[in-house]
Amino acid sequence: MKNKECVAMLLAGGQGTRLKSLTKKIAKPAVYFGGKYRIIDFPLSNCTNSGIDTVGVLTQYEPLILNNYIGIGSSWDLDRSFGGVSVLPPYMQADGGGWYSGTANAIYRNMEFLDQYNPEHVLILSGDHIYKMDYNHMLEYHIAAEADATISVLEVPWSEASRFGIMNTNDEGRITEFDEKPEFPLSNLASMGVYIFKWDVLKRYLMEDEEKEDSSHDFGKDIIPALLNDNKKLNAYTFDGYWKDVGTVDSLWEANMDLLKEEPGLNLSDNKWRIYSKNPNQPAQYIASSATVRNALINEGCRIYGTVDTSVIFYGVQVAQGSVIKDSVIMPNVKIGKNVKIHRAIISEGSVIEDNSVVGDSSPDSQITLVAEEGSVMASSYATIIK
Amino acid sequence: MKNKECVAMLLAGGQGTRLKSLTKKIAKPAVYFGGKYRIIDFPLSNCTNSGIDTVGVLTQYEPLILNNYIGIGSSWDLDRSFGGVSVLPPYMQADGGGWYSGTANAIYRNMEFLDQYNPEHVLILSGDHIYKMDYNHMLEYHIAAEADATISVLEVPWSEASRFGIMNTNDEGRITEFDEKPEFPLSNLASMGVYIFKWDVLKRYLMEDEEKEDSSHDFGKDIIPALLNDNKKLNAYTFDGYWKDVGTVDSLWEANMDLLKEEPGLNLSDNKWRIYSKNPNQPAQYIASSATVRNALINEGCRIYGTVDTSVIFYGVQVAQGSVIKDSVIMPNVKIGKNVKIHRAIISEGSVIEDNSVVGDSSPDSQITLVAEEGSVMASSYATIIK
Amino acid sequence: MDLIAGIINLDHEQDLLEELTYFRCGAAVPFAGRYRMIDFTISNMTNSRIESVAVFARRKYRSLMDHMEQGKSWDLDRQRGGLFILPPDWNDPTDLSRGDLQHFHNNIDFIRRTLADYIVVSGSQNICSIDYRDVLESHKESGADVTVVYKKVEELQPEHNLAHKLTIDDSGQVMAIHNDQQSKNVYMDMYIIERDYLNYLVENCIAHGCSHLFLDGIKGRLPDIHINAYEHEGSHALINSVESYYRNSRKLLNESEHDELFNEESPVFTKVKNEAPSHYAFSSNINNTLVANGCTLEGHVEDSILFRGVKVGKGAVIKNSIIMQRCEIEENAVLENVILDKDCSISSGRTLIGAPEKPFVVAKRKTM
Amino acid sequence: MDLIAGIINLDHEQDLLEELTYFRCGAAVPFAGRYRMIDFTISNMTNSRIESVAVFARRKYRSLMDHMEQGKSWDLDRQRGGLFILPPDWNDPTDLSRGDLQHFHNNIDFIRRTLADYIVVSGSQNICSIDYRDVLESHKESGADVTVVYKKVEELQPEHNLAHKLTIDDSGQVMAIHNDQQSKNVYMDMYIIERDYLNYLVENCIAHGCSHLFLDGIKGRLPDIHINAYEHEGSHALINSVESYYRNSRKLLNESEHDELFNEESPVFTKVKNEAPSHYAFSSNINNTLVANGCTLEGHVEDSILFRGVKVGKGAVIKNSIIMQRCEIEENAVLENVILDKDCSISSGRTLIGAPEKPFVVAKRKTM
């Protein structure tokens, strides 16, 4: 029987409540980013580019859009005869079954899926981060070190270390301690939520954890501490590229703005590490004579008659004459009327902004305004919005 | 915006407990039938052949195999840019969400899916029946009659009518009464569990039903009676082809045996009404010099060295020399040793039957023996089985 | 609903687009920033619910094959029906057919086996948005043997010289098909016909040694058969020369022309590519221009069309030009009235200026 | 892991299978009940983790195109890499290449752009189950310029006359390539080579006016380059004539021969079709026969191979025969030592008997 060296499990069940109404009807990994993508395009493209061709996507919250978006994975070249992408929703079994009660429980309930492929290693990913990473390098490191588990870490500024899960390591990179949001951090190596486990080791710990009544069945809170406690070999793998948690409206906005910097940390046009996504069918974008476009990412199907400055514009957006969009992210199929001013805002998919509206606050430290599906304006607002 | 005239919703969440251990690890619609197919191939192929290209498949119980099997629907030519097949598992929402509590509730929870396509009519199907039917004829009848709902019915022998949901109709085919398993049936028109509703009508009744605390949220028990009660126009559409509920081990066996009759009611080789299915990749079947094969359906990848008489053999089955298989159904990848006798049995996928085993009872009225995944023999048994 | 099948017959389309058709047939020429000419014909068929399309290709069809694949982009990757590109690979020594009848003869199974009762036969040079179900309705009402599609053009252009023209009576019946240079009823190289009648015409034409199904089998029979004319009222472009390609491409910078061709009801499909959104730098100045994805723009562009992945350096100036995929225009280069085919590089500081009525065309992969 | 790309070069394969190759190339000939010859080569590549395969086709490639589509059946329908069938559609007037170098030259981008460092070049006539990763390992160990694959046959058959033979020294190095009719080291028309070296050979051969990459570029350089020989130890069939096709097909009725070719570790993939399981009637009597799906069997069949959808009527007797897709053998017909191509009908009561050493071949769609 064939087997797979490494199978990836992508945790995509989260609601992402801190993204507010952006995730009212869609799971967080389906949230838009970068003028064209959804967050989940990044881990899925990383898998494809790393040669990992078997990925389980664990869904639970509002999966309809995510299901349709993923399909059988052809957008990421993950439609494979043996392996490929499988969407794994919670399900009922003869003896019960039920919702996923934590990240570890979600994997536990899909042990049979994993056992089909009889993998040596399992890569655990989350659908919340924007980054390009070669998981194969990490896997090679994990195998060479003969580790039971390897956790990808990132050096964060010391001042911010207490906001993260911090790994304390010895000289060989072996993890000696895991501190969740320590008040006085001993290291600045923060966990990225990317783990590789030996499957036989993980499986045993998942089954044991399932028996513990007081467990929250979470990788960070339960599984990793249990492994450390048993003196298993846990290594830290240091990643040093661009990585961004886009869990809040502000950080999602920032990550979009990062793409417009002089030297962006994230290159979306690298042919050697393509970010794949499902491509909408739209005609070429049209920039009218009356338009002014400066420092912007604009996608197909847009028609720009006004001014776009330092903004990210998704497909199918219309900006009428006299309007000014600055420091903003405009999601797909938004219609912006005449003489509208939009500053420091995220306008969500399909919104219609009436003529002469003013959205957002241009002062540099102001909160980011979110215009969400049903016309609500979250922070500062003078807008009139009609859906 | 585009819309669809008719969208199908296929209820595939059932566990099918009467099929015993055949459905221990798979949902009932994924159960094998006819040497090659799974039950769900029939309603899905009917949709394709009827020109209905948008199908939601509602899953809940052990959906992994069903999910993988359906994929994006390419096996049934249902991988379409707008429409096609969507698997719809239960999910969580911002304000709760949860399991499907009944057939009507399952549709209720997927109203948004349906509204994407803005259909005029919704076709409700179940994944429990073997039949070939042109839903488009039924739809035409439904539209011509300007009915609020149309229920497909079948004439059953009067003696059996009390086992079915019976429709009493007036001269124009309008349903006047719905009798669930009546002791004294007034008609022999049994419901096939195939409904077409005007979507706007159904939607209103689903929402009203959801509010009723004592409702079981079931089409037969709640929605149809409510419509009748309000004097809505419900018509019966009479179907007169082959139709079989394969909800029990005995009826599943019978339906397979029906294929081997002199004039089978169900033609699987009709090029004008193909039954599509996912095709396994197996070499041609091999019938050895020592073999005797009479009145049998045999699939690719089989190797027959023994005797096969009046049986249905799925792909990848091996029958060693001296063995006799009679009046039986052998599911995929079963290995049957030498000098085995199998009579009136269903051997489930991947079973290994040791040399010299005897399975089943050859007397014509005996119960059908089921050899299930983990080697259990359900009824009569002298078998030694190793998995 | 009546089923219609489609045949896209490229056999008698000549490759008159100079450098643009050195290595590809006209149907494969890039158009409108991200499409190929043939996308419009296939999309019209898909939007008319045609589920089975054959493409008769004779020469330079490689890039067409790469583009069309199995038809997935047009939702035509089917087990029943689908999109078939049929290059000339014939090996029957008893075959007597000639000209485009070779295609019809050698692919007669497509016609005989289709479940459709009607067949639309079209070329690829007439760019428009048309619903063939409307043409079929007119055809059935008229009771004609064949229904041809035409455009009543407002103003005759040089490209119309090569097209056939129709003389039509009050009832919409075609009285004559000719090349009268004054006639404004331009035949759009599309007709609808009953499947069985097409099959008969093919057999009959071969038996009589004909070499052109439309000219010999339909036009040539004119007094004896009933040809109905269907007028296409929407926007229309006939592209059979560099000049008509250039003029009709730039017509799309006009909003109403653009919207007639690209409307939500009948979208134009094409093979999608993974490209990032286009990046407009602080220094860019883009006006009245269509831009596809994946471009990096630092210079000045006006009244132009940029295909996917074009790079325009700082200080470069592009006017009235069409720049195809992955061209690189270095700093301070100047292009005016130019068409660059794919993968061209224009070095820093170069100036290329064509004439408005005769653009300067650069073949693909040239570095200048 | 080293990446390997594949080229299936059909250019110098002659269509010597008589009626079976009138309308299709040898690579497209049906084999083993449900496959085409080329399936074995493509599957070997897929099973060796080759993700990018080009097929150089010259003539009669239509049925090959229909069969291969975009490579989905072999898991080769990819955005990066994939399966490409490359018919001869060349339009470069400056092209000087000749023979099979036309393919290499006109598709040089496939070689230059692949991410793979090594390329396997293979024909389609050597049916076997081989892992090219093992060949690569031998190649790398040997330090050779090229590694060719050969089979040491136990018994020479007529088909081996046409094959090249190898003289090999103790270290596995090829000393000579020739046609010595006594040699049992049959070259299997497969070699592995570094990508850059292949690119160099192509350019060099064209510059010197050569017309056959293997003969001129590799064999012709023999004293000067290091050619390593890799022995294939599994089952092997060379099929280049009706006689070898017939004998090697029937060899598959032997269980161990069958199992060596069809094993779970390296499955053979092909385009799947929707066919019901085969139906064996009460009256059927089938012995030592391979049967594909969709057959309806009421007669007597022994020592034969039946493809998909064959119908055998009551009282019909078929022995030592190969019956391809959708043939219909009516009641009481008798066939012995016969090969029927697709869609043949044999009328009730007819008898056709060929010789064991020369089967009677009937071309497709014949009614007899």
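Reminder, nothing fancy here: chain letters follow the sequence lines and each chain counts from 1. What's counted below: heavy atoms across the whole structure, side chains too, no hydrogens, waters or symmetry copies. Predicted, not measured: the structure shown is a model, and the values here were computed from it.
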Give me the atom names and distance for the closest heavy-atom approach of [X] to [Y].
X	Y	result
D:S284	D:L297	CB-O, 3.3 Å
D:E19	D:D341	O-OD2, 4.0 Å
B:A372	B:S351	O-OG, 4.2 Å
D:S235	D:C128	O-CB, 3.5 Å
D:V362	D:C344	CG1-SG, 3.7 Å
B:E300	B:Q285	N-NE2, 3.9 Å

Contact origin within [X] toward chain D - heavy atom pairs under 4.5 Å:
X	value
B:E262	neither
B:Y315	neither
B:N271	neither
B:T292	neither
B:I275	backbone
B:Y305	side chain

Verdict with supporting geometry, D:W74 and D:H67, ring-ring contact (aromatic ring centres under 6.0 Å, His included): CA-CA 11 Å; D:W74 300 270; D:H67 178 64; 5.5 Å; yes
Go through [options] and name the one with the most non-hydrogen pairs under 4.5 angstrom from chain D.
options	answer
B:I298, B:T310, B:V308	B:I298
B:P280, B:P283, B:G35	B:P283
B:S75, B:C302, B:S277	B:S277
B:N281, B:L268, B:I313	B:N281

Pairwise side-chain contact, D:N47 with D:D131, heavy-atom cut-off 4.5 Å (strictly under):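 The answer is no; the side chains never approach within 4.5 Å.
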Ring geometry between D:F40 and D:F31 (parallel below 30°, tilted from 30 to 60°, perpendicular above 60°):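 Correct class here is perpendicular.
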Report the option among [options] that has the most heavy-atom pairs separated by less than 4.5 Å from atoms of chain B.
options	value
D:G33, D:G309, D:S278, D:A276	D:S278
D:N293, D:N285, D:T289	D:N293
D:R308, D:E302, D:E298, D:K273	D:K273
D:L253, D:N288, D:N287	D:N288

Basic-acidic side-chain contact under 4.0 Å: B:R274, B:D77: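 Looking at B:R274 and B:D77, the cut-off is not met.
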Ion pair D:R326/D:D343, N-O distance below 4.0 Å: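 Salt bridge present between D:R326 and D:D343.
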Is chain B contacted by the side chain of [X], its backbone, both, or neither, given a heavy-atom distance below 4.5 Å?
X	value
D:E255	side chain
D:F262	side chain
D:L252	neither
D:Y35	side chain
D:V291	both
D:A32	backbone

D:N254: which of D:R250, D:E257, D:K251 passes side-chain contact (heavy atoms from CB on, under 4.5 Å):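 Answer after filtering D:R250, D:E257, D:K251: D:E257.
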